[in-house]
Amino acid sequence: MIDLRSDTVTLPSDEMREAARDAAVGDDVYGDDPTVNELEARAAELVGKEAALFVPSGTMGNQIAARVHADPGQEALVDEKAHVYEWEVGGFAQLSGLQVRAYDAGERAAPTPAQVRDHAREESLHVAGTGVLCLENTHNARGGVAVPKADIDAAADAARDLGIPVHLDGARLFNACVALDEDPTAMVERVDTVMCCLSKGLGAPVGSMLAGPEAFIEEAVRVRKQFGGGMRQAGLIAAPGLVALDNVDRLADDHANATVLAEGLDAVSGLSVPTPDTNIVVVDSEGAGLTAEEFVELCDDVGVLGGTFGQYHTRFTTNLNVSRADVERAVDLVADAVESR
Ligand SMILES: *Cc1c(COP(=O)(O)O)cnc(C)c1O
């Protein structure tokens, strides 16, 4: 089985398991867990923010950020294909009382400054007002697009000029940085806060980091507790997270494998596959007369796992547990399956 459903399916390495076993721990709700404290300090430094908070999931990190930045009744400005809008179960509405206003970020996967200005709303007797702008990098639903620093900066500056705080959903921030050869600190310097996942391409079993100014993180600790994310001897899961931070540079291997996979599949008659920026490969199977559901089933039958990503689109995600030989074999298996139907 070649599992390309997501970069979340990776299994913790022996080194991660040993780190978990040997971790020094304490009660993190009291701030007593030295391993969590070390992870938070290291993550804050890596992205150049004053402080960071360990949270159980990327979703919780984004939801805490929205709650802390915006007030109930305000608007969150997001891309219509943003993870926070499409895949977080309406959390902005239910957990923070926010109304979403969506823009279409298009292929560049980030709003232009003009889009930010056009969609931002100033609070008045009749108007809710914009409480937060959310950006996403890499942009998952738009095909793992690595958004250049200049585009993030321009959008963030436009919002901050209007007094609107900016949160970056950087579940795959390090994929973007590796693909663009950009320093993470520089990439997020103009956004107020950033969430990044340890449990995706970096391979940790659990957890994400939320980073930002000291005062923001202080409030985020309270909201994390309220959302049920206060954890006790969390050093057991923070320790593999520290090991995961050593996996940033090797994301380049996932990107190279994704390119091999995309080029191989694009050569199959009926399949159309753009060359990816990062580790997400999106296959359009309409030309082969296959819906995404039919294509995923065909691949599944030959031992290649992916996920539907629209009516005719399927997502394959390269990851830590998938080798070059695996993606080459995946191309052969899928090519045979499509051509011998
Ligand atoms: C996976 C993902 C998240 C959420 O992370 P979880 O840990 O699965 O909750 C948020 N944003 C993006 C872009 C993601 O891909």
Side-chain angles (χ1 to χ4, degrees), residues 4-10 12 39 43 47 52-67 76 78-92 94-96 100 102 105 109-111 132-147 152 166-177 179 187-188 191 193-211 220 223-224 227-229 231 234 237-238 240-241 244 251 254-255 258 276-282 306-310 313 315-320:
L4 299 165
R5 284 173 302 167
S6 177
D7 47 8
T8 56
V9 300
T10 54
L39 176 63
V47 297
L53 184 66
F54 186 44
V55 290
S57 70
T59 299
M60 190 185 283
N62 287 333
Q63 293 298 325
I64 291 172
R67 169 67 83 86
V78 307
D79 177 33
E80 62 188 29
K81 292 195 166 185
H83 193 282
V84 291
Y85 187 31
E86 292 267 85
W87 306 110
E88 298 190 10
V89 209
F92 278 14
Q94 187 155 18
L95 302 175
S96 296
V100 163
V132 64
L133 168 68
C134 289
L135 305 174
E136 187 173 320
N137 201 10
T138 64
H139 198 305
N140 175 34
R142 295 195 182 274
V145 174
V147 182
I152 296 290
V166 184
H167 173 68
L168 176 66
D169 175 353
R172 297 186 181 84
L173 172 71
F174 301 113
N175 293 85
C177 292
M187 184 61 103
V188 304
V191 303
T193 58
V194 58
M195 183 284 289
C196 30
C197 290
L198 304 171
S199 56
K200 294 198 166 160
L202 303 183
V206 187
S208 295
M209 305 307 301
L210 176 62
V223 174
R224 182 184 64 175
F227 286 0
M231 299 178 284
I237 53 173
L251 293 171
D254 293 348
H255 301 171
D277 285 354
T278 57
N279 66 333
I280 292 174
V281 174
V282 181
T308 61
F309 215 51
H313 292 89
R315 187 184 79 163
F316 293 118
T317 311
T318 53
N319 62 69
L320 189 52

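Whatever order the structure lists them in is the order used to number ligands and atoms, beginning at 1. All values reported here derive from a predicted model rather than from experimental measurement. Only heavy atoms go into these numbers, but all of them, side chains included; no hydrogens, no water, no symmetry mates.
For atom 10 (C) of ligand 1, the closest heavy atom belonging to the protein is H83 ND1, 3.3 Å. Nearest protein heavy-atom neighbour of atom 7 (O) of ligand 1: G58 N, 2.8 Å. Scanning the protein for heavy atoms near atom 9 (O) of ligand 1, the closest one is T59 OG1, 2.6 Å. Nearest protein neighbour of atom 13 (C) of ligand 1, counting heavy atoms only, is E136 OE2, 3.2 Å. In this structure, atom 11 (N) of ligand 1 lies nearest to the protein heavy atom D169 OD2, 2.6 Å.
The side chain to side chain contact (heavy atoms under 4.5 Å, CB included) with D7 is formed by just one residue from the set L320, L251, N319; it is N319.
For the atom pair N140 CG and D169 CG, the distance stands at 9.0 Å (nearest 0.5 Å). One finds the NE2 atom of H255 at 7.5 Å from the OG1 atom of T138 (value rounded to the nearest 0.5 Å).
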Verdict with reasoning, H83 to N62, per side chain to side chain donor-acceptor pair (under 3.5 Å)
CA-CA 9 Å; H83 193 282; N62 287 333; 4.9 Å; no
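By the neighbour-count criterion of 12 heavy atoms within 6.0 Å, atom CZ of F309 is densely surrounded, having more than that number from other residues, nucleotides or ligands. Counting non-hydrogen atoms of other residues, nucleotides and ligands closer than 6.0 Å to CD of Q94 gives a total of 12 or fewer.
Less than 4.0 angstrom separates some heavy atom of E88 from each of these atoms of ligand 1: 10 (C). Proximity to C197 (heavy-atom distance under 4.0 Å) selects the following atoms of ligand 1: 5 (O). Shown in contact with S57 at under 4.0 Å from a heavy atom are these atoms of ligand 1, numbered in order with element: 7 (O), 9 (O). Close approach of ligand 1 to R172 (heavy-atom distance below 4.0 Å) involves ligand atoms 15 (O).
Proximity of L135 to P111: side-chain heavy atoms (C-beta onward) are separated by under 4.5 Å at one or more points. Side-chain contact between S6 and K200: absent, with no pair of heavy atoms (C-beta onward) separated by less than 4.5 Å.
Under 4.0 Å from ligand 1, not a single heavy atom of T8 appears.
At least one heavy atom of K200 sits closer than 4.0 Å to an atom of ligand 1.
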